[in-house]
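Report on the structure given below.
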Amino acid sequence: MTGPAPTWTIVAGRDLDRVVLVDVTSDGTELSRRTAGRDELPGLVRAVESRADGAHRWVWNDTSRWYPALLNAGVDVARCHDLRLCHAILATSALVSDAADLRDAVVWSAPAGDDEADDALFLLDERAGVPDDPAEVRGEFVRQQAAVHASDDPDRLRLLLAAESAGALIAAELHAAGLPWDAEVHDRLLTQALGTRPSGGGLPSLVQARADEVRSALGDAQASLDSQPKLLRSLHRAGVPARSTSRWELAEYDHPVVAPLLAYKKLMRLLSANGWAWLAEWAPDGRFRPVYVPGGVVTGRWASSGGGALQLPRQLRPAVRADPGWVLVVADVAQLEPRVLAAMSRDIALADAARGTDLYEGIVAGGVVSTRQEAKIAVLGAMYGATTGDSGRLVPALRRAYPRAMALVDDAARVGEDGGIVSTWLGRSSPPPSAAWQAVQARASDAEASSGDDTAARRAARDRGRFTRNFVVQGTAAEWALAWLADLRSRLAALPAVDDGHPAATASGPLFSRRAHLAFFLHDEIIVHAPAAQAEEVAAAVRMSAERAAMLLFGGFPLDFPLDLRIAADAAKA
DNA sequence: CGGAGCGGCGCG
DNA sequence: AAAGCGCGCCGCTCCG
């Protein structure tokens with residue numbers, strides 16, 4: 001790595017309403033210190049950022065506790081080190097040979113704080129989060145830097161920690177900026193699908209109509225459709241011997257109740273998950289602002305909390321609409337996980353299959369399986385550990401064609417079955433087996449173990465093997481996506497602001513109404529909201545960042561990560 | 001009354 | 001079409 005030497009400033013001391021800023025060296029040695037009122041912080045940060053040369057990092061206990069207020073004040077930062085998230089990685093990483101100090105610091109394993117809740121009633125509740133005392137914060141920083149330095153691969157870990165911390169910044173910015181949401185389009189989609197919105201307590205007209213058809217087909221005007229046990233009994237009375245009321249099982253029965261019931265369930269799902277109540281609660285001002293939770297999934301994927309950001313139904317994507325004069329740049333990576341697997345395992349044959357734009361067609365072209373659908377099922381089965389059905393049947397063909405890639409996931413599964421730890425490409429490690437899991441294994445190896453004990457142990461082992469098999473791929477894909485996001489973020493920040501902010505400027509706060517900004521992220525997909533005049537520039541940045549992410553993680557390994565990218569007024573899927 | 005658990009289904 | 005990974009949220013039911 002070249003460029004200016006990194007500099008660091010610890011920000012701490014929140015509870016005292018006095019902020020302490022400590023400039024430190026990369027090993028935590030204090031250089032200088034000052035204190036300021038909380039209201040002064042944005043100005044101080046802005047001053048440092050404006051003269052920073054790109055290598056300055058803010059070190060704080062928890063990005064979600066500090067950054068939202070800065071964003072509200074119109075200040076963003078280029079880089080940070082999020083101690084809470086980095087602690088979670090380092091305390092369990094197999095690359096860290098001696099993590100005893102970190103593991104002892106259990107207070108750093110607290111869940112994230114919530115800046116907005118702080119101002120309410122929760123200051124002293126148990127969700128107080130990780131420490132913010134300046135000495136504690138600096139101590140943790142010192143521990144983390146030492147752990148990285150002494151680790152088996154400091155470069156990989158530094159990359160992972162930088163990506164994770166950038167993700168924390170991005171998550172806060174995504175929330176602040178929001179996803180532009182057109183309530184009129186949403187309302188129209190709902191009305192088309194569900195019928196007229198009821199004024200009182202009843203169901204929308206088309207939902208009610210389906211419910212009437214279901215009850216008529218069941219021959220029971222009082223049938224309860226929303227209680228699974230009651231519905232199941234009604235179905236039995238009507239001659240449908242279903243064991244569950246799930247969609248795929250119901251679809252197998254040839255009975256007049258099936259079609260309207262499936263339709264009813266689909267409509268009710270839309271109504272309850274993303275209906276008018278959702279619209280009023282989650283997108284009241286032309287922006288959908290989910291709470292993203294970086295590192296919320298053990299594999300390193302993000303989770304979300306509130307609004308169901310990660311479950312937006314395709315059906316509603318037309319409601320994601322750019323402001324007038326702006327566009328959306330929507331991009332996702334085609335088959336990210338198998339590509340990541342090819343790169344991790346240095347499987348040239350699989351990389352060759354991935355050469356064009358469609359990895360699955362590449363597998364067909366290589367004569368491994370005969371159709372694209374088979375290729376897809378086989379690949380998913382390989383990564384998820386399928387053993388039965390079409391998927392399990394196709395995996396052996398994959399094992400012959402791509403032995404290196406398959407060996408990587410098969411090894412990960414074996415390690416998991418044996419109770420071991422697996423790690424992603426950059427060094428995020430799987431959690432150890434739970435106490436319950438170990439107890440099940442121990443019981444089976446007891447001299448007086450029953451065959452039931454043995455079966456249970458074997459099943460638990462295989463379950464864990466499927467988890468670790470998938471962990472290495474899903475987790476490395478998450479790392480690739482973080483690197484993509486982080487690089488894109490800095491490219492977007494370098495674009496000029498536009499003169500006239502979009503009309504909904506107030507909706508996206510002071511920072512994002514005049515600048516191209518990330519607006520959505522979902523595992524392998526991003527949406528950028530950009531001034532129309534910058535659309536092509538943004539699209540180029542999105543592509544360059546993907547290339548950069550591949551280079552950062554996998555160096556010169558010859559593998560494409562092609563994007564499906566479109567520039568449009570809305571985010572409807574093709 | 002509230003919380004945990006479950007079936008079900010949306011997303012990758 | 002649902003075997004195989006990871007999530008969050010809904011409504012209902014059960015239980016303390």
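Throughout, protein chains are lettered first and strands after them, A, B, ... in sequence-line order, and every chain is numbered starting at 1. Values in this document were obtained by computation on a predicted structure and should not be read as measured data.
Separating the NZ atom of A:K376 from the P atom of C:dA1 is a distance of 15 Å, rounded to the nearest angstrom. Between A:F288 atom CZ and C:dG8 atom P there is a gap of 14 Å when expressed in whole angstrom units. A:I377 has its CD1 atom 10 Å from the C1' atom of C:dA3, to the nearest Å. As a whole-Å value, the separation of A:W282 CH2 from C:dG8 C1' is 11 Å. The distance from atom OH of A:Y384 to atom P of C:dG6 is 10 Å, rounded to the nearest whole Å. Rounded to an integer number of Å, the gap from CG of A:D254 to P of C:dA1 is 14 Å. One atom, CG of A:D524, and another, C1' of C:dC7, lie 14 Å apart when rounded to the nearest Å. Note: CH2 (A:W278) to P (C:dC9) measures 12 Å, nearest angstrom.
Looking at heavy-atom distances under 4.0 Å, A:S272 makes contact with sugar-phosphate atoms alone, never a base. Counting any heavy atom pair closer than 4.0 Å across all strands shown, A:G306 reaches sugar-phosphate atoms only and no base atom. A:D390 comes within 4.0 angstrom of a base, heavy atoms only. Nucleic acid contact for A:T387: none, since no nucleic acid atom lies under 4.0 Å from a heavy atom of the residue.
With a 3.5 Å ceiling on both atom-pair distances, the Watson-Crick or G-U wobble partner of B:dG2 is C:dC15. If you check C:dA3 for Watson-Crick or wobble pairing at under 3.5 angstrom, you find it has no partner at all.
Residue pairs meeting the salt bridge (charged side-chain N to carboxylate O under 4.0 Å, His left out) criterion with at least one member in residues 387-401 of chain A, sequence neighbours excluded: A:D390-A:R393, A:R399-A:D410.
Residues A:Y67 and A:E173 bring a donor and an acceptor atom of their side chains to less than 3.5 Å of each other. Between the side chains of A:D212 and A:Y264, no donor-acceptor pair is found at a separation under 3.5 Å.
Annotation: of the two residues near DNA chain C, A:G296 and A:A251, the 5′-most nearest-nucleotide partner is A:A251. Nearest-nucleotide mapping onto DNA chain C: of A:A273 and A:F467, the residue sitting toward the 5' end is A:F467.
In this structure, A:R156 contributes its side chain and A:W425 its backbone to a donor-acceptor pair below 3.5 Å.
Taking all atoms of both residues into account, the shortest heavy-atom contact from A:A571 to A:R566 is O-NH2, 4.1 Å.
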Open item on the list: Walk me through whether A:E417 and A:R458 qualify under salt bridge (charged side-chain N to carboxylate O under 4.0 Å, His left out).
Closed with: CA-CA 8 Å; A:E417 289 177 17; A:R458 258 204 289 273; over 6 Å; no

- [ ] For nucleotides 3-11 of chain B, just jot down a letter per nucleotide in 5' to 3' order: B, S or -, based on protein non-hydrogen atoms under 4.0 Å.
- [x] ----SBBBB

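Atom CZ of A:R489 sits about 10.0 Å away from atom CG of A:L174, to the nearest 0.5 Å.
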